[in-house]
There are 2 protein chains.
Amino acid sequence: MPLEIPEVVIDRLPVYFRLLSGLQSRGVGVVSSQELGDALGVTPAQIRKDLSYFGRFGKQGRGYSVDRLAEELRLILGLDRRWKVVLVGVGRLGRAIASYRGFDPQGFDIVATYDVNPEAQSAGMDDLEVRDISRLEEDLAAQQIDIGIVAVPAGEAQAVIDRLIAGGVNSILNYAPIAAQVPPHVQVRQIDPVLALQGMTYHLRRRG
Amino acid sequence: MPLEIPEVVIDRLPVYFRLLSGLQSRGVGVVSSQELGDALGVTPAQIRKDLSYFGRFGKQGRGYSVDRLAEELRLILGLDRRWKVVLVGVGRLGRAIASYRGFDPQGFDIVATYDVNPEAQSAGMDDLEVRDISRLEEDLAAQQIDIGIVAVPAGEAQAVIDRLIAGGVNSILNYAPIAAQVPPHVQVRQIDPVLALQGMTYHLRRRG
DNA sequence: CCTTGTGAAATAGTTCACAGCA
DNA sequence: TGCTGTGAACTATTTCACAAGG
């Protein structure tokens, strides 16, 4: 693991990991970079190069052990432990996020949810309590939270993000349609379907 | 507009457009690339270079007219018309997508929704009818659909995407956690919060 | 002055192509 | 033979830096 690893590489590792998990559950024992590339629509060289930043996981002439490579990626990505997540904003979108079954099996625990109007929003929340957002600071002080998911309206999002960061949360998954301003030590990822659609219409406009 | 425009540039235009829309509604008349860059956390040079692929929209010594630049981007991105969208999969996630208020004001009309179990899923769908997915092909033949949003379980997603493409839909917004296989003329964007979280845990693991 | 638009320079990222090993 | 791991070559993207215009 010598040099600085490009962010684009890191963002591809979860994709590889997910594919390998699928191969594992289908009982595949060995896979080549060619096969991985075919399944993902990327070049085999890219996969080999990406993995080479982290170590030598393959066997010449054979390929990669699916179990071994999945385990290595699990460690590299920090998926060998569970992560504590809070969700702020429990409107329609927030409720969909809270009830999404995909986080738990990957090690993400939504340990608390917050809203400005906790009683109104509690309806339809399976088991999770919705806490008043005024409690955010004291709760963050009481327990280390790794990741904050923001699902409040655009107008409140920056303030919520600032409060999360002040409380020591330095990874933010932002569903609000704003370009969040954060200090350099904080990482933000944006989930934004409208931006994705607007990138597609550019191409639709010409090709058809 | 001479040469081939990089995809990364196109993906930033919607971000610029959104910021400009906000400035417009706040009554800001003129903005510099420096100010735009400050608001978005990118360099002013990048904004100027990106815009220069499409024309000369600024005034030296002054900056950009917010109205003018917003209008130019609207045209470039094809946002001066409405786009027809179908949504396949009306489970918890699909219902949240169907009821999201952010698509309509940006020109995206969800004209139909589909599910394998339309009666069960209709509960809680405000106004939109849920049609049986077996009708997908005939409906796509009857009217040109621009974009398909896929919100079905992972196991069914590739089949749904294939059916959309066969029906002439060549832009796909995929919420299912799979790496979709599509022919070169089809564009896919992935909305995948778990991949985003897994990219973040890589960094959490080291820095803290 | 101030700020754009843009070639040129610098960086970043991808793909090639092949030595080396099972 | 088949496939990895990796420098080197190539391609893409960003940033610099400055002429030119208001």
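Below, read A as the first sequence line, B as the second, and so on, with proteins coming before strands; counting in each chain starts at 1.
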Taking it one step at a time, do B:Q34 and B:D38 satisfy side-chain hydrogen bond (donor to acceptor under 3.5 Å, both in side chains)?
CA-CA 6 Å; B:Q34 179 72 58; B:D38 289 347; 3.1 Å; yes

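- In the model, B:Q181 has no side-chain atom that pairs as donor or acceptor with a side-chain atom of B:Q158 under 3.5 Å.
- Look at CG on A:L36: it is 12 Å from P on D:dC3, rounded to the nearest Å.
- Residues A:L77 and A:Y16 have side chains not in contact (no heavy-atom distance under 4.5 Å, counting atoms from C-beta outward).
- Listed for the B:R189 side chain is no donor-acceptor partner under 3.5 Å among the backbone atoms of A:P193.
- When DNA chain C is scanned in the 5' to 3' direction for atoms under 4.0 Å from non-hydrogen atoms of chain A, the outermost contacting nucleotides are C:dG13 to C:dA22.
- An OP1 or OP2 oxygen of D:dT4 is reached within less than 4.0 angstrom by a side-chain nitrogen or oxygen of A:S33.
- The interatomic distance linking A:F57 (CZ) with D:dT4 (P) rounds to 14 Å, in whole Å.
- B:I147 has its side chain out of reach of B:K84: every pair of non-hydrogen atoms, C-beta onward, lies at least 4.5 Å apart.
- Residue B:R62 places its CZ atom among 12 or fewer non-hydrogen atoms of other residues, nucleotides or ligands, all under 6.0 Å distant.
- A donor atom on one side chain and an acceptor atom on the other are found under 3.5 Å apart for A:D139 and A:Y114.
- Listed by residue number, the members of residues 63-74 of chain A with any heavy atom below 4.0 angstrom from DNA chain D are A:G63, A:Y64.
- With B:N170 contributing its side chain and B:H185 its backbone, the two residues share no donor-acceptor pair below 3.5 Å.
- Between the side chains of A:S134 and A:D132, at least one donor N or O lies within less than 3.5 Å of an accepting N or O.
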Scoring nucleotides 14-22 of chain D by protein non-hydrogen atoms under 4.0 Å (B base, S sugar-phosphate only, - none) yields SBBB--BBS

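- Distance CZ/A:R74 to CG/A:L13: 14.0 Å, rounded to 0.5 Å.
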